[in-house]
Amino acid sequence: MGRAQGHKTRDKNKASLPQVPKNMKSDGYDVEYSAEFADHADLEAMARANAANQRVTNKRRK
């Protein structure tokens, strides 16, 4: 048995993996938010998340 024959079974699986349609993919921002029900911890977490997003976008631009 040659070297190439052992790899054939491993590569067959890649073509049969299911693909997720674009309309079923989520961007992770599917949470409803109401400012009336926010407490201090929520506002602080949002501020930290916004600061982290700004750091990431600034690193990508450089």
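Source: prediction; values computed, not measured. All heavy atoms count here, side chains included; hydrogens, waters and symmetry mates do not.
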- Across all chains, not counting sequence neighbours, the salt bridge (charged side-chain N to carboxylate O under 4.0 Å, His left out) partners of Arg55 are none

- Query: How would you list, by chain and number, every residue that makes a side chain to side chain contact (heavy atoms under 4.5 Å, CB included) with Asp39, sequence neighbours excluded?
  - Reply: Ala41, Asp42

- Note on the structure: Interatomic distance, CG@Asn53 vs CZ@Arg48, rounded to 0.5 Å, equals 13.0 Å

